[in-house]
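Each chain gets a letter, A, B and so on, in the order the sequences are listed, and its residues count up from 1.
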Amino acid sequence: MEKEVLLEVKDLRTYFYTEDGVVRAVDGVSFTIHKGEVLGLVGESGCGKSVTSLSIMRLVDAPGKIVGGQIIFKGEDLLKKSEEEMRKIRGSEIAMIFQEPMTALNPVYTIGDQIMEAILTHQDVNEEEAKKQTIKLLDLVGIPDPKKRFNEYPHEMSGGMRQRAMIAMAISCNPDLLISDEATTALDVTIQAQILELMKDLQRKIGMAILFITHDLALVAEMTDSVAVTYTGKIVEYSDVRSIFKNPHHPYTYGLLESIPSLLSEKTKEPLPAIEGMVPSPYRMPKGCHFNPRCPFATDICRKEMPELKEVEPNHLVRCFHPVNVKEEVS
Amino acid sequence: MRNYLIRRSLELIPVLFAIAFVSFWLVSKMGDPFAVLVLNPHVRPEDIQRLRHIWHWDDPLVVRFWYWLKDFVWPRQGWGLSTLAPGQTALQLISRRIPVTIAFSSTSLIAAIILSIPLGVYSALRQYSVADYILTFFAFFGMSMPTFWFGIMLIYLFAVKLHWFPAAGYHRAFFIIKGVPVMFDKAPRWMQFLDEAWHLTLPITVLTVFQVGGWLRYMRSSMLEVKSMDYVRTARAKGLPERTVIYKHAFRNAVIPIITLIGLSFPGLIGGAMITETVFAIDGIGRLTYNAVMSQDVFVAMALIMIFSILVVIGNFLADIFYAVADPRIRYS
Amino acid sequence: MANEDYVEGGIETSESYSYWRKVFQRLKKHKIAMVSLWFLVVLILMAVFAGPLSFGNNPYSYIKSVPWAPRPELAPPGPGHPLGLDNMGRDAWSRLLYGGRVSLAVGFICSFIGAAVGLFFGLISGYFGGITDMLIMRFTDFMLSLPVLPLMVVLSSVIKGSLWTIIFVISIFSWMGVARLVRGEVLSLKEQEFTEAARAIGETPGRIMWIHLLPNSMAPVIVAATLAISGNIIYEATLSFLGLGIRQPTPSWGNMLNGAQTFMLTAPWLMWWPGIAILVTTLAFNFLGDGLRDALDPRLYR
């Protein structure tokens, strides 16, 4: 590896102990993010993507609990840190943007106040300086008239503007890692594109790494260096972005790619193929490979055993007994 | 903000007008105030007719309402029956009785707010702890306790058995200062105040307990709800200390619905004050209402219902202002 | 809606059935609520079988004399009269039992009427919206800003009379909460597909409200109605205590306390039991309502 490892998640397990039983929201997830790298974490809703990101921040609320694994950030295991040490990392070294800009900002405080708060918590500056920095940040994320916007409340801004403010808040202390949890999902398509552009731009300028969580593979292609596809709390395919798009091996990834509309494809006149069925109920996982009830290639072994994550090509890992598109192997 | 307040006060006018009409109509059904006079052999039937005419009792309801409204704003003198002393207007009587009611009910309102909000927050932050269960139990006790019976019980225990507090009234008739009796009004101010506080301790307790329970529970559930909001998570993700997360971000939002609840509970407060005054024989407007109704004193009862309604409306208005101060979404819309 | 889960073996039961079963399971875990429920069942049985439980006394007859006291009036508890005799020489125990009948009946009926009226206004207001909604909501707010107890006192002195007038007086002021609740519920249900679908296939508003909206907004109404029972019992007791509610000689928990202050020194036991009866009953209804709310709203049950 030519680049320095920033974050290494090893066999992370986060379970939710609900009244109806244990939900294994994250069940043995491992991945690595290098300095300045963008990793996409992709999957349908309910596949444990958000819980993974909250686990990294150690912000999983009861009844959820991190029950196993390691989260090694800059060589230190975050799971071994005290709450006070963790607090100092949150917002300054690892920052996070959430899905809903409508609810993620506190409605009773001004935008400026909420951004300034982060700066005042982590940096040794006075209020005047923090305010100056905040206005600069608002300008940086493309909010027009930042001096006026500083004093506005979240409800006075549009969704896109709010998400920009969230980004300003997240990058206020130059974090090494930014976790973007479906940050553009709730926005209109054009706004979405602008926000993505902004994130890419900032990533280049600041040099931070991004954990980019989305259910939309199309965004991954634009944003990320590598991709981890998750299904029911497990990674099913993990590789660099080109390899995944060119050669998806897991039937689930394949299905996700098939459902992306493409202007260039002549298939557009046909209805988009979708993966049949739904993500199984977290309380009753199917036996064997969790994807088997929806998988067109499922055989008996898939219904009995959970496959391991295996390297089928250099740096391309797949959790499947019958990976598709593998040239040297005929299944 | 100013526009919001102006709009809110304009909206109050039709409400007050409607309340006035309904209360007038209701109370006028209470009975004929002149019926008693018929039994009096010294009053001639013509005089009764004249009185009825002077007080517009022979006019249609709407006309009477108009005169009544006018009398309410520019009061006329009473006519020397029942509760009203000769030459006294209903409003004069009420204005003499109202200070004690306002004093002890607003004291208990403030006490209830000061108790219920911190205790509710505490209960929410320590959900399912022993303290939470104890507070929950007390809250339910307060919510379920019939005010009048609680008052009677306190009188029995603290006044009759233990003699710690007086059983009735809100001040003594006179003090003995250095062996000389001094009328209450002539006593030093601080002695008056202490004596009133001593007399009102039990009533204030009753009225406070009556309010605290529900608010505490509401504050608890509001805090629990807000605690799981996205913006609280954002605040944590920023790396703010837990204290700031709870008391700056969560609390400020959790307290907004409580303001609405407190605004809505003014009618209840007035009802509670009325019961408390009746049980503790405090000569405020609550007891006056009860006496007026029992002695069919129509004019006083009408004025009182109107006063209560105005108090409720003022209470709601104050709550609206606090609400707007607390919630910028209201302030600017 | 059919459940599409891929479950090995076992058939999913219909959604509404499992919903109510789950609610009941959750309620069963709520210990205080279950204790309250059983307590209320016992209490209702006691009120129903007030006659046989009265040890041969009845709440209306004046006892001529008792061997352990010089006068039957205000006689302390003794054989056959476990709670003593009241200030008119009537058996307090049987009055407490029969009074329970009245108090519980008023509580239940007022709460039922309040819920029904509230449902009606809430459904109409939420469903039709526009000016109907505005008028009904203005009226509701207006009712909420009335000084309830003074008005109840005036009202019950204007229409003196029976059990039903008290029920009427209390019910007038007990529907507003439900109306607001149901309106909110309907507003959110209206946005959902099944309402749209029902409208699209041409179902009448009445049918949509009755078949789709009413059952789906029932949960919060049940909670509110349960909690309202305790409030209504207290209103009845308060009015009766003031001498404006249930009139003598019919017993109610409130009017048994009517003269309590005057004989506080001579017969304090007379003021204990009706008050305790009111307190534990309202407490039980409040606990039950709270348990129901937790059981019906799993969001808060964590």
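Ranked by heavy-atom pairs under 4.5 Å with chain B, the first of C:L146, C:L155, C:V148, C:V280 is C:L146. When each of B:T147, B:V279, B:T289, B:V160 is scored by its heavy-atom pairs under 4.5 Å with chain C, the top score falls to B:V279. Considering only heavy-atom pairs separated by less than 4.5 Å from chain B, the leading option among C:P274, C:G254, C:P268, C:A284 is C:P268. The most heavy-atom pairs under 4.5 Å with chain B, out of C:L149, C:T281, C:I32, C:D141, come from C:L149. Put simply, of C:D290, C:L242, C:L244, the one with the most heavy-atom pairs under 4.5 Å next to chain B is C:L242. Per-residue heavy-atom pair counts under 4.5 Å with chain C were compared for B:F141, B:F140, B:Y290, and the maximum is reached by B:F140.
Using a distance-only test at 3.5 Å, with no hydrogens or angles considered, no donor-acceptor pair links the side chain of B:R287 to the main chain of B:I282. Using a distance-only test at 3.5 Å, with no hydrogens or angles considered, a donor-acceptor pair links the side chain of B:S108 to the main chain of B:S105. The backbone N or O of B:D132 lies less than 3.5 Å from a partner atom in the side chain of B:T136, making a donor-acceptor pair. Side-chain atoms of C:W175 come within 3.5 Å of backbone N or O of C:I172 as a donor-acceptor pair.
C:S240 pairs in a side-chain contact (heavy atoms from CB on, under 4.5 Å) with only one of the listed residues (C:V106, C:V102, C:N258, C:N255), which is C:N255.
Residue contact with chain B, scored on non-hydrogen atoms closer than 4.5 Å, is absent for C:F285. Using a 4.5 Å cut-off between heavy atoms, B:M145 contacts chain C through both its backbone and its side chain. Only the side chain of C:L265 comes within contact range of chain B, with at least one heavy atom under 4.5 Å from a heavy atom of that chain. B:V313 does not touch chain C: none of its heavy atoms, backbone or side chain, sits under 4.5 Å away. Using a 4.5 Å cut-off between heavy atoms, C:L227 makes no contact with chain B at all. Both the backbone and the side chain of B:A18 come within contact range of chain C, judged by heavy atoms closer than 4.5 Å.
Contacts between residues 230-239 of chain C and chain B, defined by a heavy-atom separation under 4.5 Å, are made by C:I234, C:A237, C:T238.
In the model, B:T101 has a side-chain atom that pairs as donor or acceptor with a side-chain atom of B:E277 under 3.5 Å. For C:S145 and B:N316, the side-chain atoms include no donor-acceptor pair closer than 3.5 Å.
Counting heavy atoms from C-beta on, the side chains of C:D86 and C:R95 come closer than 4.5 Å. For the pair B:V206 and B:F148, the minimum side-chain heavy-atom distance is 4.5 Å or more. Residues B:M274 and C:V153 are in side-chain contact: their nearest non-hydrogen atoms beyond the backbone lie under 4.5 Å apart.
Nearest heavy atom pair, residue C:A225 against residue C:S111, reads O-OG, 2.6 Å.
Atom CZ of C:F142 has more than 12 neighbouring heavy atoms from other residues, nucleotides or ligands inside a 6.0 Å radius.
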